[in-house]
Amino acid sequence: MSEASALHDAPGPRALARHRRYGLIALLAIAAVLGWVVYMLVHTHQFTAEKWRPFEYRGVQELLLRGLGNTLKAFALTVLLALPFGALFAAGRLSEHRVLRWVSTLVVEFFRAMPLLVMIFFIFVAMKVQPLWALVAGLTLYNGSVLAEVFRAGVLAVPAGQREAAFALGLRKTQVMAYVLVPQANRAMLPSIISQLVVALKDTSLGFLITYEEFLHAGKLIATNLDYGLPFIPVVMVITPVYIGLCLLLSWLARWVERRGRRSPRARGGAPMAKAGVVLGLPPTGE
């Protein structure tokens, strides 16, 4: 049994038994919900061979793989553009120049408040941009604006003493930002950055609204095909695990990067200092 902390007492035998009962009740409730879902799927004939036969066709498999590739392409382009966009306007919001700070704030707040779907449709319809670049532009403007706030908050979260000590050593502002503030803020910002990238990955599915042939668009073509018996639920059951797997992969990557950063000497504060030898007792007397 773990030791009691100042804010929490270790549960006794009766409390542990009560917690086990609560856990068992919750487990039974979840199992009942899952059982009801499976029953409804069977009752509505979602597991019949007719609805799953389309996935055996080579053309359908190639369509899904091509859609997945287009989704990853749009996501990769969004990441490559949104991260520099966020870093640039975060630096602008942290600038000491008032005009630059006001312009950066206006850009970030405008695109962060603008509905993403409206932005994508405006770029696609009004500006006559190709579906891929309309989707990437909308995702970049929105997610880059959110990342700008993440970067700014991460830098401001570093204790002020770090900045003051760096300036006292004679470093310039760019050196303070690059060598002192950003390396320390990275670990605090990483979970929020990965969470926003997961949002960007899921938002690539909005591309099917502007006829971009991404993963969800490919699934929609299969699900609405009368020749396949309208296999809407089977398509959902195939596409959903892929999106979940990609999001879990991003989360695993974030944890891996965080562990590597924690093991690096720079993150631990550099090489350990040698202990000074101290001898207890009276000070030595001169001979």
Side-chain angles (χ1 to χ4, degrees), residues 63-94 100-154 189-224 235-236 239-251 253-254:
L63 177 63
L64 289 173
L65 290 176
R66 187 165 57 250
L68 179 59
N70 289 336
T71 290
L72 295 178
K73 180 180 179 180
F75 172 68
L77 291 172
T78 299
V79 173
L80 291 176
L81 296 175
L83 289 175
F85 181 95
L88 177 64
F89 283 95
R93 295 205 65 181
L94 294 169
L100 184 58
R101 189 170 61 249
W102 285 356
V103 171
S104 300
T105 300
L106 178 63
V107 171
V108 169
E109 294 298 333
F110 177 79
F111 288 116
R112 196 168 59 134
M114 177 69 67
L116 177 57
L117 189 57
V118 173
M119 209 161 14
I120 293 174
F121 266 113
F122 178 81
I123 297 172
F124 176 67
V125 176
M127 303 180 68
K128 304 297 183 181
V129 178
Q130 295 295 324
L132 170 62
W133 292 108
L135 175 63
V136 170
L139 292 175
T140 298
L141 293 174
Y142 174 74
N143 292 284
S145 300
V146 177
L147 288 173
E149 287 298 283
V150 172
F151 294 154
R152 186 176 71 94
M189 294 187 299
L190 188 59
S192 298
I193 293 173
I194 297 299
S195 297
Q196 194 59 39
L197 293 183
V198 169
V199 172
L201 175 61
K202 293 187 296 184
D203 285 345
T204 56
S205 60
L206 296 175
F208 88 96
L209 296 174
I210 56 173
T211 68
Y212 179 59
E213 298 178 356
E214 45 79 47
F215 197 41
L216 187 61
H217 182 269
K220 177 177 175 290
L221 293 179
I222 301 169
T224 57
V235 167
V236 171
I239 288 180
T240 301
V242 176
Y243 276 109
I244 294 175
L246 292 174
C247 295
L248 291 177
L249 183 61
L250 282 175
S251 300
L253 179 62

I'd like to know whether Leu141 forms a side-chain contact (heavy atoms from CB on, under 4.5 Å) with Met119, so could you lay out the CA-CA distance, the side-chain angles of the two residues, the decisive distance to 0.1 Å, and finally the verdict. CA-CA 9 Å; Leu141 293 174; Met119 209 161 14; 3.9 Å; yes

Measuring from atom [atom1] of [X] to atom [atom2] of [Y], what distance do you get when rounded to the nearest 0.5 angstrom?
{"X": "Leu216", "Y": "Phe208", "atom1": "CG", "atom2": "CZ", "answer": "5.5 Å"}
{"X": "Leu63", "Y": "Leu221", "atom1": "CG", "atom2": "CG", "answer": "6.0 Å"}
{"X": "Leu94", "Y": "Phe89", "atom1": "CG", "atom2": "CZ", "answer": "13.5 Å"}
{"X": "Leu147", "Y": "Leu88", "atom1": "CG", "atom2": "CG", "answer": "13.0 Å"}
{"X": "Asn70", "Y": "His217", "atom1": "CG", "atom2": "NE2", "answer": "10.5 Å"}
{"X": "Leu139", "Y": "Leu77", "atom1": "CG", "atom2": "CG", "answer": "10.5 Å"}

Centroid separation under 6.0 Å, is that true for the rings of Phe124 and Tyr212? no

Answer yes or no: are there more than 12 heavy-atom neighbours, outside Glu213 itself, under 6.0 Å from its atom CD? no

Scan for salt bridge (charged side-chain N to carboxylate O under 4.0 Å, His left out) pairs involving residues 100-128, sequence neighbours excluded, and state none if there are none. Arg93-Glu109, Glu109-Arg112

Report the C-alpha separation of Leu64 and Ile222 in whole Å, then their side-chain angles, then the decisive distance to 0.1 Å, and conclude whether the side-chain contact (heavy atoms from CB on, under 4.5 Å) test is met. CA-CA 9 Å; Leu64 289 173; Ile222 301 169; 3.8 Å; yes

Which pair of non-hydrogen atoms, one from [X] and one from [Y], has the smallest distance, and what is that distance?
{"X": "Ala148", "Y": "Ala90", "value": "O-CB, 3.4 Å"}
{"X": "Val235", "Y": "Gly219", "value": "CG1-O, 3.5 Å"}
{"X": "Ala74", "Y": "Leu135", "value": "CB-CD2, 4.0 Å"}
{"X": "Lys220", "Y": "Thr224", "value": "O-OG1, 2.7 Å"}
{"X": "Leu209", "Y": "Phe121", "value": "O-CZ, 3.9 Å"}
{"X": "Ser145", "Y": "Val107", "value": "OG-O, 4.2 Å"}

Compare all side-chain heavy atoms of [X] with those of [Y] and state whether any distance is below 4.5 angstrom.
{"X": "Leu248", "Y": "Ile244", "result": "yes"}
{"X": "Pro115", "Y": "Tyr142", "result": "no"}
{"X": "Val129", "Y": "Val136", "result": "no"}

Criterion side-chain contact (heavy atoms from CB on, under 4.5 Å) on Leu116 and Asp203, from CA distance to verdict: CA-CA 9 Å; Leu116 177 57; Asp203 285 345; 3.4 Å; yes

List the steps and the verdict of side-chain contact (heavy atoms from CB on, under 4.5 Å) for Phe151 and Ile193. CA-CA 9 Å; Phe151 294 154; Ile193 293 173; 3.4 Å; yes

Do the ring planes of Phe215 and Tyr243 sit parallel (below 30°), tilted (30 to 60°) or perpendicular (above 60°)? tilted

